[in-house]
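Computation of the quantities below employed the complete heavy-atom set of this structure, encompassing side-chain atoms and omitting hydrogens, waters and symmetry-equivalent molecules. Protein chains get the first letters and strands the later ones, always in sequence-line order, with residue 1 at the start of each.
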2 protein chains.
Amino acid sequence: MAPTAAPTKLQLVQSNSLPALVQVEIEQLILSGELAAGERINESDLAMRFGTSRGPVREALRGLEESRLVRSEKNRGVFVREVSVAEADEIYDVREALDQLIGQRVAERATPQQLRDLEAVLDEMDRATAVQDVKAYHALNLRFHDMLVDFAGNARLTESYRLLTKGLLLYRLRGLQNGGGLPVSNTEHKAVVAAIAAHDGVRAGRLLRQHAAASRARMHKAAAAAKPK
Amino acid sequence: MAPTAAPTKLQLVQSNSLPALVQVEIEQLILSGELAAGERINESDLAMRFGTSRGPVREALRGLEESRLVRSEKNRGVFVREVSVAEADEIYDVREALDQLIGQRVAERATPQQLRDLEAVLDEMDRATAVQDVKAYHALNLRFHDMLVDFAGNARLTESYRLLTKGLLLYRLRGLQNGGGLPVSNTEHKAVVAAIAAHDGVRAGRLLRQHAAASRARMHKAAAAAKPK
DNA sequence: AAACAATTTATTGTCGACAATCAGCAATCG
DNA sequence: CGATTGCTGATTGTCGACAATAAATTGTTT
């Protein structure tokens, strides 16, 4: 396997081209919420900010458009995408199917070391739950699911899954981030990991799918609470 | 609803920007095999060909890179992607999961009109099989699965699925397109449509997944036959 | 003749400039 | 007074030119 340990920034600049660098930078801006959903993106401003000309920025935006993080209107500019509840619902539909596949594959292939890594994250999440640190829990949750899809050992699956979850992330940023549900969420995680440890692919797949479905239900609940209408 | 009937060319030029147009054009070049897998793409040549400067071409290539149809090496250029058997295998793994979801959803939502459309394509495929027109069958097969994912009524699912199948298309172009198996393939199609007509989501999902698995097996068989070693 | 070094050529990467287009406002006319 | 028309500033779309890099070629030396 390639040395995935810690690619230095120098290596990044040498291997990746400038537009690629700018693309991940803008992506961070969007995912962190600094560029709000729906907001229009000014090419010149970004170019200034990164110390480049508008060319690389435009190329980066085209990449982000393809990954559906922005949408582009001719002669009007590119906008940070807004993900509606309906669209998030669609994403969850696909995600549930993929999560089932992920659970199954991970249960079949997980090494003892990978299992230990998963359990370590689980512990950290327990600690975050104890102190009600929602932000930390959220980050750990992302990391947990990221590890799972990685351990499934299918690059295309990883790619599809990441693309999907990015869209979900965009929705979550709309402010209606749920409050409760952390303990129950982690309980579900533990059940999944237990099935993986038992190398029970069918059960792990089913549980991970159910976890996604529960997550979707929590989203709906939060949305309904935020907008009683 | 907007007039989706027949978008005139004028509307297309007005709504879509030049880089987007160039992108689909290059995509056609790749999918048709005019730009062979592994081949290096010359920006200036393409720009000349489309009568634009290199800017729009570069933007289009960045989009194609994001959709994994090309890969890009810094200071060396962009290359049409080659999809190995292993990678095609990975894609099929994901595709099977999505196909199951597609079958289920279509069985739940399909309208009588949509069912008739599907059956019409089935008939055409029968006719293509009768005269051993592999090329026509291939095109119809793509159309059939395209219709299915559309009828599932989930835009994100469509998007993910199309992205995946494009990769598969790229593999098929490597020449080892199977010869036989057309009749059996269409028999599978018919079983799927029958389940859809019965609005039996579970069965349709299972059958469509099995169809994808069988298709994968046929690919392996063809690959083994082409390269016995 | 083979291996290495220097040079040339082709191609990509980046930039600044100009043209095209749009949103907003002001002036005009009914 | 409202609507329409014509400016105006800002922003995007596109281009041609130049710099940086890699590949190919040639020349040189042993």
To the nearest angstrom, how far is [X] atom [atom1] from [N] atom [atom2]?
{"X": "B:E59", "N": "C:dT12", "atom1": "CD", "atom2": "P", "value": "16 Å"}
{"X": "A:L18", "N": "C:dC15", "atom1": "CG", "atom2": "P", "value": "7 Å"}
{"X": "B:R40", "N": "D:dA22", "atom1": "CZ", "atom2": "P", "value": "13 Å"}
{"X": "B:E73", "N": "C:dG13", "atom1": "CD", "atom2": "P", "value": "11 Å"}
{"X": "B:M48", "N": "D:dC15", "atom1": "CE", "atom2": "P", "value": "14 Å"}
{"X": "B:E43", "N": "D:dA20", "atom1": "CD", "atom2": "C1'", "value": "14 Å"}
{"X": "A:F50", "N": "C:dT14", "atom1": "CZ", "atom2": "C1'", "value": "16 Å"}
{"X": "A:I41", "N": "D:dG13", "atom1": "CD1", "atom2": "P", "value": "12 Å"}

Kindly say if A:N42 contacts the phosphate of D:dA10, meaning a side-chain N or O under 4.0 Å from OP1 or OP2.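 The answer is no; no side-chain N or O of A:N42 sits under 4.0 Å from OP1 or OP2.
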Return no unless some side-chain N or O of B:R76 is found under 4.0 Å from OP1 or OP2 of D:dT21.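 No, because none of the side-chain N or O atoms of B:R76 sits under 4.0 Å from OP1 or OP2 of D:dT21.
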Please check if the side chain of B:S160 supplies one atom and the backbone of B:R156 the other of a donor-acceptor pair under 3.5 Å.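 Side chain of B:S160 to backbone of B:R156: a pair is present.
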Check for a donor-acceptor pair, side chain of A:E124 on one end and backbone N or O of A:V121 on the other, with a separation under 3.5 Å.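 It does not hold such a pair.
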Looking at [options], which one has an atom nearest to any side-chain atom of [X]?
{"X": "A:R58", "options": "D:dG13, D:dC15, C:dC15", "result": "D:dG13"}
{"X": "B:N75", "options": "C:dC15, C:dG13, C:dT11", "result": "C:dG13"}
{"X": "B:P19", "options": "D:dT12, C:dC15, D:dT14", "result": "D:dT14"}

Nearest 0.5 Å, what's the CD1-CG distance between B:I41 and B:L64?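 CG of B:L64 is found 7.5 Å from CD1 of B:I41.
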May I ask you to check whether over 12 heavy atoms, not counting those of A:R143, lie within 6.0 Å of atom CZ?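 12 or below, so no.
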Check the angle between the aromatic planes of B:H189 and B:H211 and answer parallel, tilted or perpendicular using the 30° and 60° thresholds.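 Plane angle over 60°, so perpendicular.
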What nucleic acid atoms does B:G77 come within less than 4.0 Å of, heavy atoms only: base, sugar-phosphate, or nothing?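 Counting heavy atoms under 4.0 Å across all strands, the contact made by B:G77 is with sugar-phosphate only.
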Looking across every strand, which nucleic acid part, if any, lies under 4.0 Å from A:L61 by heavy atom: base, sugar-phosphate, or nothing?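 Nothing, no nucleic acid heavy atom in range.
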Please evaluate the base of D:dG13 for a donor-acceptor partner in the side chain of A:R54 within a cut-off of under 3.5 Å?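 In this structure, the two groups form a donor-acceptor pair.
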